[in-house]
Structures are given as C-alpha cells and as structure tokens.
Number of protein chains: 2
Amino acid sequence: MTPELKQTSEQIISTELIIKKAVEVICGKWRLIIIHLLREKTLRYGEIKRGVPGISEKVLVHELKQLVELGMVDKQSFGEVPPRVEYSLNEKGRTVLPVIDLLREVGQAFI
Amino acid sequence: MTPELKQTSEQIISTELIIKKAVEVICGKWRLIIIHLLREKTLRYGEIKRGVPGISEKVLVHELKQLVELGMVDKQSFGEVPPRVEYSLNEKGRTVLPVIDLLREVGQAFI
DNA sequence: TGGGTTACCCACCAAAAGGTAAGTACTATT
DNA sequence: AATAGTACTTACCTTTTGGTGGGTAACCCA
C-alpha cells in the first residue's frame with residue numbers, strides 16, 4: 001500500500017463515498033465503451049452510434065446526456081439541417097482513461 | 001497511450017469484450033466496498049456485515065457468493081456452532097486493488 | 001410532392017438489482 | 001423453557017437499467 005493511501009478509521013467513510021461515486025461514474029453497460037471510443041477524437045452522434053454496435057438509441061442519448069452533465073463530455077450543436085452535433089471528451093472525462101487502461105489489464109484474467 | 005495499448009481495428013472487439021467483463025466484475029453498489037474491506041485481513045460474515053453498514057443481508061450473501069464464484073474470494077466454513085465462516089481476498093481478488101486505488105484518486109473530482 | 005438525412009423524443013415493456021421482514025438450524029446460557 | 005448468537009434462506013416488493021418500435025422537425029434534392 002502506498003503511503004498516501006494509508007488511512008485512519010475517520011477516513012473510511014469518505015473513502016467509501018469516493019469509491020461509490022467513482023463506481024457510479026464508470027458503471028453501466030456502455031459507459032466506458034463510449035468514453036473509450038471518444039478517446040481519440042471528437043465524434044458526431046451518428047458516428048458514436050455506429051461505433052458502439054448493439055446500444056439502443058434511447059440508452060445512447062441518455063448516456064451522452066449524463067456524460068455531459070457529469071462534465072466529462074462537451075457537446076456542440078451546429079445550427080444546421082440536417083442537424084450536426086459533436087461530442088468530445090474533455091479534461092475531466094480524460095481522467096477516467098487510466099481506469100479503462102487498468103481495467104483492460106485486470107479484466108483479462110476474468111474472460 | 002503506452003505502446004502495448006496501441007490497437008488495430010481487429011483488436012477493438014476484444015477490447016470491448018474485456019472492458020465489459022471488467023465492468024461486470026467491479027460493478028454493483030457494494031462490490032468494491034466489500035473487496036476494500038477484505039484487503040487487510042480475513043473476516044467473518046458478521047464482521048463484513050458490520051463493516052459495510054447499509055447493505056442488506058440478501059445482497060451481502062449474494063455478493064459474497066459471486067466473489068467466490070469469480071474466484072476472487074476464498075470461503076472457509078468451520079464446523080462449529082454457532083457457525084463460523086471466514087472470507088478472504090485471494091490473489092485473483094487482489095488484482096482489483098489497484099483499480100480501487102485508482103478510482104479513489106479519480107473519484108475525488110466527481111464528489 | 002415525396003423521400004432522404006440527422007439527432008433526437010416518447011410510451012411501453014422486460015430484466016436485473018436491490019431492499020424488507022420474516023424464518024431456520026443448532027447449541028450454549030439463563 | 002426461553003433467549004442469544006451466527007450465518008444464512010425465502011417470499012415479496014420497488015427501483016433502476018436497458019430494450020423496442022414508433023414519431024418528430026427541418027431542409028435538400030429529385
């Protein structure tokens with residue numbers, strides 16, 4: 001255990017809170033897949049949809065809305081017809097990329 | 001991006017699979033809290049229950065069963081009355097500890 | 001005039017996850 | 001005889017999560 005992760009009993013509650021929050025942020029069937037797709041470049045709604053085969057539109061819209069609300073993804077609508085909406089992973093969203101990379105390593109053993 | 005995480009389009013599908021599996025393994029409202037509690041020492045059922053306030057017995061039993069099934073936790077029953085059952089995090093279970101530590105860092109920003 | 005394009009919304013449904021409250025088995029203790 | 005202690009099980013319920021299949025607006029092009 002690294003020194004800064006040592007904890008007193010007083011810290012345990014907040015540790016639980018933080019872990020629970022983090023789990024909320026990264027969980028869901030598609031959440032990390034979407035973030036991983038956005039890691040390289042800004043994508044339009046339709047591009048994300050095609051990049052995440054199997055996801056329903058309802059869920060995709062909902063996930064994107066949540067990611068924007070959480071401050072992880074920036075959304076830009078161009079006032080065009082047909083509509084053009086672009087989503088990009090911002091700085092806050094990028095903080096979870098190491099989690100994805102670590103899960104890729106850890107997850108291997110569970111396949 | 002570290003070199004070993006560079007990926008071709010052929011690898012994308014398996015990457016998705018691995019991420020999905022990892023999410024399955026670590027998600028749920030209480031899963032990581034339980035693992036985190038078991039990080040230091042073997043605990044009896046009742047100790048875990050008291051260590052995770054708020055969890056229902058049904059869910060705790062179910063979670064422990066799953067952790068054993070996933071090969072992350074070892075269970076030992078002593079043939080005593082009143083019963084004594086001990087749970088401990090094994091090597092496979094310990095592979096997710098770095099995920100917890102990383103989530104503690106990342107999660108801070110989302111509180 | 002009518003279909004194509006894009007990014008959604010809506011009503012409804014099914015499955016999974018989680019919670020509640022009660023009960024069980026077996027023994028020791030009062 | 002009744003109670004306490006331990007590690008569960010069971011039936012029932014609510015909430016959350018995800019899926020299905022339709023609809024919409026606005027403009028362009030044929």
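A, B, ... follow the sequence lines: proteins, then strands. Residue 1 opens every chain. These numbers come from a predicted model, not from an experiment.
- Note: CZ (A:R84) to P (C:dA7) measures 9 Å, nearest angstrom.
- A:Y87 comes within 4.0 angstrom of the backbone, heavy atoms only, and of no base.
- In this model, the phosphate group of D:dA7 is approached by a side-chain N or O of B:R44 to a distance below 4.0 Å at OP1 or OP2.
- A straight line from CD of B:Q76 to P of D:dA7 spans 13 Å, rounded to a whole angstrom.
- Classification of B:E91 and B:R94 as a salt-bridged pair fails, no side-chain N sitting under 4.0 Å from a carboxylate O.
- At whole-Å resolution of the value, NZ in B:K49 and P in C:dT20 are 12 Å apart.
- A:E57 comes within contact range of at least one nucleobase, with a heavy-atom separation under 4.0 Å.
- Atom-to-atom, CZ of A:F78 to P of C:dA7 comes out at 11 Å; the value is rounded to the nearest Å.
- As a whole-Å value, the separation of B:E80 CD from C:dA28 P is 12 Å.
- Take A:E69 and apply the side-chain hydrogen bond (donor to acceptor under 3.5 Å, both in side chains) test, not counting sequence neighbours, and it matches no residue.
- Between B:L103 and A:I26 the shortest side-chain heavy-atom distance falls below 4.5 Å.
- Contact annotation: the side chain of A:I55 approaches that of A:I34 to within less than 4.5 Å [non-hydrogen atoms, C-beta and beyond].
- Taking all atoms of both residues into account, the shortest heavy-atom contact from B:L70 to B:K92 is O-NZ, 3.3 Å.
- Rounded to an integer number of Å, the gap from B:E24 CD to C:dA16 P is 12 Å.
- The two residues B:V106 and A:T95 come nearest to each other via the heavy atoms CG2-O, 3.5 Å.
- For the pair A:I100 and A:L32, the tightest heavy-atom approach, listed with the atom from each and the gap, is CD1-O, 3.7 Å.
- Checking the phosphate oxygens (OP1, OP2) of D:dT9, no side-chain nitrogen or oxygen of B:Y45 falls inside 4.0 Å.
- Taking the C1' atoms of five terminal pairs at each end of the helix from C:dT1-D:dA30 to C:dT30-D:dA1, the two resulting helix axes are inclined by 30°, rounded to 10°.
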Show me the donor-acceptor pairs within less than 3.5 Å that the side chains of residues 73-80 of chain B make with the rest of the protein, sequence neighbours left out.
residue : atom : partner : partner atom : Å
B:D74   : OD1  : B:N90   : ND2          : 3.0
B:E80   : OE1  : B:R84   : NE           : 3.4
B:E80   : OE2  : B:R84   : NH2          : 3.1

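- Checked by atom type and distance alone, the side chain of B:R31 pairs as donor or acceptor with a backbone atom of B:V25 at under 3.5 Å.
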Distances under 3.5 Å only, N/O to N/O: pair up the protein atoms with those of nucleotides 15-19 of chain D.
residue : atom : partner : partner atom : Å
D:dG18  : OP1  : A:K29   : N            : 2.7
D:dG18  : N7   : A:K58   : NZ           : 3.2
D:dG18  : O6   : A:K58   : NZ           : 3.2
D:dG19  : OP1  : A:K29   : NZ           : 3.1
D:dG19  : OP2  : A:W30   : NE1          : 3.4
D:dG19  : N7   : A:K58   : NZ           : 3.3
D:dG19  : O6   : A:K58   : NZ           : 2.3

In residues 44-54 of chain B, what donor-acceptor pairs under 3.5 Å come from side-chain atoms, sequence neighbours left out?
residue : atom : partner : partner atom : Å
B:R44   : NH2  : B:P83   : O            : 3.1
B:Y45   : OH   : B:E57   : OE1          : 3.2
B:E47   : OE1  : B:R44   : N            : 2.6

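- Using a 4.5 Å cut-off on side-chain heavy atoms (C-beta onward), B:V59 and B:E63 make contact.
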What nitrogen or oxygen pairs link the protein and nucleotides 2-5 of chain C at under 3.5 Å?
none

